[in-house]
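Step one of this worksheet: look at the structure below.
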Amino acid sequence: ESMDASHLLQAYAAHVAHRLGKDTTTTTSELLDYGRRNFTPLSFLGVFPADITPERTRHRCFYIQNTAASDDPSGGEHWCAIAREPGRPDLLFDSFARRPSPTFMPHLQHARSTDPDVDQALESTRCGQLCLGFGHVLTAHGYHAATWC
C-alpha cells in the first residue's frame, strides 16, 4: 500500500511539475494559481505562512503551509501540506518526513504524520510540486491513501 501511494505521489508531482513548467522552487502565487485551477474551492483551502492556519471546514480538504512565519525576512523556507477530514486528525505531509515538534511546525503537534519515507532529495527544491501531488492523492484516492504518502 505504501509503495502504491509513493508511486502515486511521484506521478502526481511529475504531472504538477509539467503543468507548472518547472520542477524547482515554487512561489505562493504559483501554488495558489495551480490549486485554484486544479482543485475545487472546497478541497483546496489555499497557501499560508506557518503562523496562519485556515478555518476548519466540514469536508475533506487540504492546504499548503510554509515552515516560515509571515514576518520571516527569508520570505519562506519549505512547503508542507496538511490534509483534513472530519472525524480524523489533521494529516501533515512533509517531503523530508519530519514530524511536528516544539521547533518544527509546533502548531501541528496534534496532527498525524504521513508515512515516514523521504520523498525529496535534500538538495531538491520541488516541495511545492510534492505538496500539490499530495493534494491530488488526497482528493482522488482519499485520506487513507494520503497517510501512505
Side-chain angles (χ1 to χ4, degrees), residues 1-39 43-54 56 60-85 88-149:
E1 213 170 356
S2 70
M3 184 67 102
D4 293 342
S6 290
H7 281 118
L8 277 174
L9 174 67
Q10 295 298 338
Y12 281 121
H15 172 77
V16 170
H18 178 74
R19 296 286 300 268
L20 287 174
K22 64 195 273 188
D23 204 17
T24 56
T25 306
T26 44
T27 64
T28 299
S29 57
E30 286 172 325
L31 296 174
L32 265 176
D33 182 57
Y34 181 94
R36 288 176 178 150
R37 283 186 291 116
N38 293 276
F39 299 100
S43 64
F44 177 66
L45 301 182
V47 181
F48 303 88
D51 56 329
I52 299 175
T53 300
R56 297 210 73 83
R60 179 188 300 151
C61 59
F62 81 103
Y63 61 97
I64 295 175
Q65 194 165 44
N66 201 278
T67 55
S70 54
D71 61 359
D72 189 313
S74 74
E77 296 169 7
H78 176 65
W79 298 115
C80 293
I82 297 89
R84 289 180 171 168
E85 183 159 308
R88 293 187 163 170
D90 287 358
L91 179 63
L92 170 67
F93 169 75
D94 171 44
S95 55
F96 294 128
R98 294 171 293 186
R99 297 184 179 282
S101 70
T103 55
F104 178 70
M105 307 296 272
H107 61 289
L108 291 169
Q109 287 187 76
H110 67 280
R112 178 178 180 182
S113 294
T114 57
D115 191 52
D117 59 335
V118 175
D119 299 296
Q120 178 180 354
L122 209 49
E123 65 281 357
S124 166
T125 56
R126 62 192 295 258
C127 52
Q129 290 84 347
L130 285 160
C131 286
L132 289 166
F134 171 80
H136 281 295
V137 173
L138 174 76
T139 57
H141 305 278
Y143 180 96
H144 183 72
T147 64
W148 290 101
C149 284

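- Within the 4.5 Å cutoff, side-chain heavy atoms of Ile82 are placed close to those of Leu92.
- Atoms CG and CG, on Leu20 and Leu31 in that order, are 7.5 Å from each other to the nearest 0.5 Å.
- At distances below 3.5 Å, not a single donor-acceptor pair connects side-chain atoms of Asp117 with backbone N or O atoms of Ala97.
- Looking at every heavy atom in both residues, Trp79 comes nearest to Thr26 through NE1-O, 3.1 Å.
- Using a 4.5 Å heavy-atom cutoff, the side chains of Leu45 and Arg84 are in contact.
- Looking only at distances, a side-chain donor or acceptor of Gln129 sits under 3.5 Å from a matching main-chain atom of Thr24.
- Defined by atom type and a distance below 3.5 Å, a donor-acceptor pair is present between the side-chain atoms of Gln65 and His107.
- His136 and Asn38 share no side-chain donor-acceptor pair at under 3.5 Å.
- Within a 6.0 Å radius of CZ in Arg36, other residues, nucleotides and ligands contribute 12 heavy atoms or fewer.
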side-chain contact (heavy atoms from CB on, under 4.5 Å) evaluation trace for Asp94 with Phe104: CA-CA 11 Å; Asp94 171 44; Phe104 178 70; 4.0 Å; yes

Ring pair (Phe, Tyr, Trp, His ring centres under 6.0 Å) between Phe62 and Phe39, worked out: CA-CA 10 Å; Phe62 81 103; Phe39 299 100; 5.0 Å; yes

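- Between Asp119 and Phe134, the closest side-chain pair of non-hydrogen atoms is not below 4.5 Å.
- Without hydrogens or angle criteria, Asp51 side chain to Ala69 main chain gives no donor-acceptor distance under 3.5 Å.
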